[in-house]
Amino acid sequence: MGPVVTAGRVMTPAPITLVEHVKKSGRPDADDLAVLLTQIAVAGKIIARELARAALVGQLGTTGETNVQGETVKKLDVWANAVVVRAMEETGLVTTVVSEEMDAPLRLTKTGARGRYVVCFDPVDGSSNLDVNGIVGTIFSIRHGSDAEQPGTAQVAAGYIMYGPSTLMVLTTGDGVDGFTLGPTIGEFVRSHHRIRIPARGRIYSVNEGNFSKWEPGVQRYVEYLRGMDRATGRPYTARYVGSLVADLHRTLLEGGIYLYPADAGKSDGKLRLQYEAAPMGFIAEQAGGSASTGRERIMTIEPATPHQRVPLVIGSSEDVALAEDFIAGRRR
Ligand code: AHM
Ligand code: MG
């Protein structure tokens, strides 16, 4: 709601904070979820502050190590992972955490009988952007119980925090998608985007096109189609690629279009991880009226076989995703 004029005076309505928003949802677990999300928000604020000063305090660059997934580990990956783990432990509500930065799921021993959630997260997604002051994010996915491997349909809530010109949390608790901007003067996440809906079709595509020659023919034909000229179907599409899923998905959510990270000759399951990248983003996309697929099946119903399982990801406006699936299946050429 914008400013309200009452008797000649402009009254700005009190902002709706993240906690208020969750508590007003009327869910039976609203209080617990509010605690959990408050702690995720605290971790986000701490990470945002560290990102802002990382170049000044020696926090850029790598640790010199490689993680279980064969990727170079950045100092901020490790540091932010510890921040999120601690924030989750302090809730007393989390039994298990699954993180991109930890080889195996971690059981949180401090949690007693109140433990009832599993939290899967990527503390710093898009970390190749860290050393160039680019946009990164934290992705999180909340499920019940203690089972580290559950399908996307088991998610109670999911979201991301985007560290851009402003710090923004986008959240779904299964009843639409809302955005909360961190108000720098009050230090709280305040609702700034109410009931985000993704357009049914967009005009932007987002993919690492440097991998073109490694893709399967259906993906190649689809991207060639998007680059083709046809006024009636709004082509050619515009290309945008930040290389940070949070930033690329956020733009897709607001403006429509499609993001793809397909399988390729060197990555038969794609790059992105199901539990803390594809599934939470899939939940958000669907809750905003969009779709998320591997190109062949719905992301949300895939049963993870391992904590760090990878999947191809095709996500965004429902009509764009459906057309990509048609090309991948060979129904369109
Ligand atoms: P990360 O979690 O190690 O940063 O990897 C995930 C990131 C996504 O944010 C992004 O969409 C993708 O990797 C970019 O990969 P590429 O550099 O291969 O295009
Ligand atoms: Mg990631």
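In listed order, ligands and their atoms are each counted from 1.
Note: Arg273 CZ to Gln309 CD = 12.0 Å, rounded to the nearest 0.5 Å.
Ring geometry for Trp215 versus Phe212: interplanar angle of 30 to 60°, hence tilted.
Within 4.0 Å of ligand 1, the residues that place a heavy atom are Glu71, Glu100, Asp122, Asp125, Gly126, Ser127, Asn208, Tyr241, Gly243, Ser244, Leu245, Tyr259, Tyr261, Lys271, Leu272, Arg273, Glu277, listed by chain and number.
A side-chain contact (heavy atoms from CB on, under 4.5 Å) with Ile196 is found for one member of Leu254, Ile284, Asp178 and no other, namely Leu254. Shown are Leu323, Thr252, Val314, Ile315; of these, the side-chain contact (heavy atoms from CB on, under 4.5 Å) with Ile258 is made only by Val314.
Within 6.0 Å of atom CZ in Arg203, 12 or fewer heavy atoms from other residues, nucleotides or ligands are found, so the atom counts as exposed in its surroundings. In Arg240, the CZ atom is not crowded: 12 or fewer heavy atoms of neighbouring residues, nucleotides or ligands sit closer than 6.0 Å. Heavy atoms from other residues, nucleotides or ligands lying under 6.0 Å from CZ of Arg86 number 12 at most.
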Name every donor-acceptor pair, under 3.5 Å, that has one atom in a side chain of residues 130-143 and the other anywhere in the protein, sequence neighbours excluded.
unit_1: Asp131; atom_1: OD1; unit_2: Gly61; atom_2: N; d: 3.1
unit_1: Asp131; atom_1: OD2; unit_2: Lys74; atom_2: NZ; d: 3.3
unit_1: Thr138; atom_1: OG1; unit_2: Pro123; atom_2: O; d: 2.7
unit_1: Thr138; atom_1: OG1; unit_2: Tyr163; atom_2: OH; d: 2.7
unit_1: Ser141; atom_1: OG; unit_2: Arg143; atom_2: NE; d: 2.8
unit_1: Ser141; atom_1: OG; unit_2: Arg143; atom_2: NH2; d: 3.0
unit_1: Ser141; atom_1: OG; unit_2: Gln155; atom_2: OE1; d: 2.9
unit_1: Arg143; atom_1: NH1; unit_2: Gln150; atom_2: O; d: 2.5
unit_1: Arg143; atom_1: NH1; unit_2: Gln275; atom_2: OE1; d: 3.0
unit_1: Arg143; atom_1: NH2; unit_2: Gln275; atom_2: O; d: 3.1

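In this structure Arg49 satisfies the side chain to side chain contact (heavy atoms under 4.5 Å, CB included) test together with Ile46, Arg53, sequence neighbours excluded.
Distances shorter than 2.8 Å separate the Mg ion (ligand 2) from the protein N/O/S atoms Glu100 OE1, Asp122 OD2, Asp125 OD1, Glu277 OE2.
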